[in-house]
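Below is one structure; the comments refer to it alone.
Side chains are part of it too, since the values below use all heavy atoms of this structure and drop only hydrogens, waters and symmetry mates.
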Amino acid sequence: MKKIGLIINPVAGIGGPAGMKGSDGAEVQRVARELGIRSATAERTKVVLKSLALVKEQVQLYTAPEEMGEDTAKEIGFTPIIVGSIKSGSTTAEDTIRIAKEMAALQLDLLIFAGGDGTARNVAEAVGGELTVLGIPGGVKIHSAVYARNPLAAAELALRFAQGDEMETMPAEVMDIDEEKFRAGVVAARLYGYMNVLKVKTLMQCCKSGSKSSQDALDEIATDVAEYIEEHDERLFVIGSGSTTRAVMDMLHLPNTLLGVDVVEQGQVIAADVNEQQLYELVKGREATIVITVIGGQGHILGRGNQQLSPRVLREVGLQNLMIIADPKKLACLPGRSLVVDSGDAELDQALCGWRAVVTGLGQTTMMKIIT
């Protein structure tokens, strides 16, 4: 019988749809809740637990209390052993660290946790390289390589492990950024250590790598997209985050939120750094195009740092009105030469799968396969 631990960060990812670029801090979480936003980590964890439930008799599940794991496990039909204690409704990073340390003392076979880069940091501080871990992505940025590509990938990994499949482990990076600097448009990433993960590269995401696009490549892409925007000024254009999309805004001589989402109409920014609710109200009933780019080293185009582009926003705009732009060198370095979607809506993600043209230069496109 496999001894598997589970810790859920019940506030991870809450700041994404709010346009807060992270979820750290009580004030960020308060603002997000006032907007009606709730963390999706429990729902994402259910995908994994439903898979483990297929071999429930082969698993002894240990969970953090209440909303940090117990409640979700019981909802799926598990009878977990509870580890530690929390003050429900006001959980902290210290809870994650303390409970992870207690779980490490139980000599678990696998520790599953759901959250983002901050959660990974907390778990790494507690267990280091002592345990094999599996992260369920539920945060905003998720630069770390200790997370599965998406919840379905995490579910497959967990099931294979519980069934006793022989699986090697490998060290993977735990990365995080300074969220205060990030909200000011500065990416200050830092390596916080390594944890052991299951070595199935097709199911684990890679560590985010920095962009090395040349200015000439950015200028070509920006010229192509800017011309399209100017020729279709009756439409709204939703400009996603990133240095490649910033080049488009520079070409249009418009101000840009490097790590946020802006909306352009008739040559003007009509809304800057919008949250999900603001964006939905703007695109509702309008002809619009969403311009997004690719995360280097990972390939994600949705679900990493742009949760303002929610499933309902994407459906309102229309999946055919998604414009992807990227330097061809960045595309060539992606694992599996594929783009990845992880919007949180499995049906929508499946609808996005398949081959799609990516703008890679002036009058140039490259066909790339989108996967979940």
Side-chain angles (χ1 to χ4, degrees), residues 12-23 28 31-41 43-44 116 137-142 150-151 225 228-229 232 234-242 244-246 248-249 254 256-266 268-295 300-325 339-354 356 358-359 370 372:
I14 196 171
M20 304 297 285
K21 306 168 186 67
S23 304
V28 169
V31 170
R33 288 193 180 101
E34 286 184 355
L35 290 169
I37 298 167
R38 296 292 180 267
S39 172
T41 47
E43 291 301 316
R44 287 175 162 251
V140 176
K141 307 166 296 295
I142 319 182
N150 54 37
V225 179
Y228 182 85
I229 291 174
H232 298 81
E234 76 284 356
R235 300 179 69 84
L236 288 183
F237 284 88
V238 178
I239 311 297
S241 60
T244 310
T245 48
R246 177 179 61 181
V248 174
M249 296 293 274
L254 295 176
N256 167 247
T257 309
L258 173 62
L259 301 171
V261 175
D262 300 324
V263 182
V264 173
E265 182 180 26
Q266 295 185 344
Q268 300 295 322
V269 175
I270 63 167
D273 201 10
V274 293
N275 62 40
E276 189 275 345
Q277 178 64 40
Q278 292 169 329
L279 183 55
Y280 179 71
E281 293 299 331
L282 284 166
V283 301
K284 190 162 58 176
R286 293 291 308 274
E287 291 188 352
T289 298
I290 296 173
V291 182
I292 54 175
T293 190
V294 180
I295 294 182
H300 286 80
I301 57 172
L302 293 170
R304 298 292 186 273
N306 58 6
Q307 285 90 346
Q308 302 95 318
L309 305 176
S310 66
R312 68 169 181 167
V313 167
L314 291 163
R315 286 194 171 92
E316 184 66 32
V317 171
L319 304 188
Q320 73 279 10
N321 294 317
L322 198 61
M323 180 185 291
I324 307 166
I325 64 176
L339 306 182
V340 184
V341 289
D342 183 18
S343 71
D345 184 313
E347 183 179 337
L348 183 140
D349 287 348
Q350 282 299 319
L352 282 165
C353 285
R356 189 175 285 252
V358 178
V359 176
I370 297 178
T372 59

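- Here salt bridge (Lys or Arg N to Asp or Glu O under 4.0 Å) pairs that include residues 313-324, with residues two or more places apart or in two chains, are Arg315-Asp345.
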Checking Leu279 against Val238 for the side chain to side chain contact (heavy atoms under 4.5 Å, CB included) test, could you report, in this order, the C-alpha distance in whole Å, the side-chain angles of both residues, the deciding distance, and whether it holds? CA-CA 8 Å; Leu279 183 55; Val238 178; 3.8 Å; yes

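- Put simply, the side chain of Thr245 does not reach to within 4.5 Å of the side chain of Leu258, judged on heavy atoms.
- Residues satisfying the side chain to side chain contact (heavy atoms under 4.5 Å, CB included) test with Val264, not counting sequence neighbours, are Phe237, Ile239, Met249, Leu254, Val269.
- Looking only at distances, a side-chain donor or acceptor of Thr293 sits under 3.5 Å from a matching main-chain atom of Ile325.
- Between Ile290 and Met323, the closest side-chain pair of non-hydrogen atoms is not below 4.5 Å.
- Gln307 contributes a side-chain N or O that, together with a main-chain N or O of Val140, makes up a donor-acceptor pair within less than 3.5 Å.
- Glu43 places no side-chain N or O within donor-acceptor distance of the main-chain N or O of Ala40, the cut-off being under 3.5 Å.
- When all heavy atoms of Glu276 and Val313 are compared, the closest pair comes out as OE2-CG2, 3.9 Å.
- The side chain to side chain contact (heavy atoms under 4.5 Å, CB included) search around Pro151 returns Arg44, Val47, Ile136, Pro137, Asp342, not counting sequence neighbours.
- With Thr41 contributing its side chain and Ala12 its backbone, the two residues share no donor-acceptor pair below 3.5 Å.
- Formation of a donor-acceptor pair under 3.5 Å by the Thr372 side chain with backbone atoms of Val341 is not found in this model.
- Taking the side chain as every heavy atom from C-beta outward, Leu322 and Ile292 approach each other to under 4.5 Å.
- In terms of heavy-atom proximity, Ser39 sits nearest to Ile14 at N-CG1, 4.3 Å.
- Heavy atoms from other residues, nucleotides or ligands lying under 6.0 Å from CD of Glu347 number 12 at most.
- Taking CD1 of Ile229 as the reference point, atom OG1 of Thr289 lies at 8.5 Å (rounded to 0.5 Å).
- Rounding to the nearest 0.5 angstrom, the gap separating the CD atom in Gln320 from the CG atom in Leu352 is 10.5 Å.
- The closest side-chain donor-acceptor pair between Asp349 and Ser343 falls under 3.5 angstrom.
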Test side chain to side chain contact (heavy atoms under 4.5 Å, CB included) on Val291 and Val359; report intermediate values, then the result. CA-CA 10 Å; Val291 182; Val359 176; over 6 Å; no

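- The existence of a salt bridge linking Arg235 and Glu265 is excluded, since no basic side-chain nitrogen approaches an acidic carboxylate oxygen closer than 4.0 Å.
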Could you walk me through whether Arg356 and Ile324 satisfy the side chain to side chain contact (heavy atoms under 4.5 Å, CB included) test, starting with their C-alpha distance in whole Å, then the side-chain angles of each, then the deciding distance to 0.1 Å, before giving a yes or no? CA-CA 9 Å; Arg356 189 175 285 252; Ile324 307 166; 3.5 Å; yes

For Asn275 and Val261, what are the C-alpha separation, side-chain angles and deciding distance, and is it a side chain to side chain contact (heavy atoms under 4.5 Å, CB included)? CA-CA 8 Å; Asn275 62 40; Val261 175; over 6 Å; no

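- Residues Val28 and Gly15 approach most closely at CG1-CA, 4.3 Å, considering heavy atoms.
- Rounded to the nearest 0.5 Å, atoms CG (Leu339) and CD1 (Ile301) are 5.5 Å apart.
- When side chains are defined from C-beta on, Leu236 does not count as touching Glu287, because their heavy atoms never get closer than 4.5 Å.
- Asp262 CG to Ile270 CD1: the interatomic distance, rounded to the nearest 0.5 Å, is 10.5 Å.
- Distance check, rounded to the nearest 0.5 Å: CD1 of Ile295 to NZ of Lys141 gives 11.0 Å.
- Here Leu309 contributes atom CG and Arg312 contributes atom CZ; the two are 12.5 Å apart, rounded to the nearest 0.5 Å.
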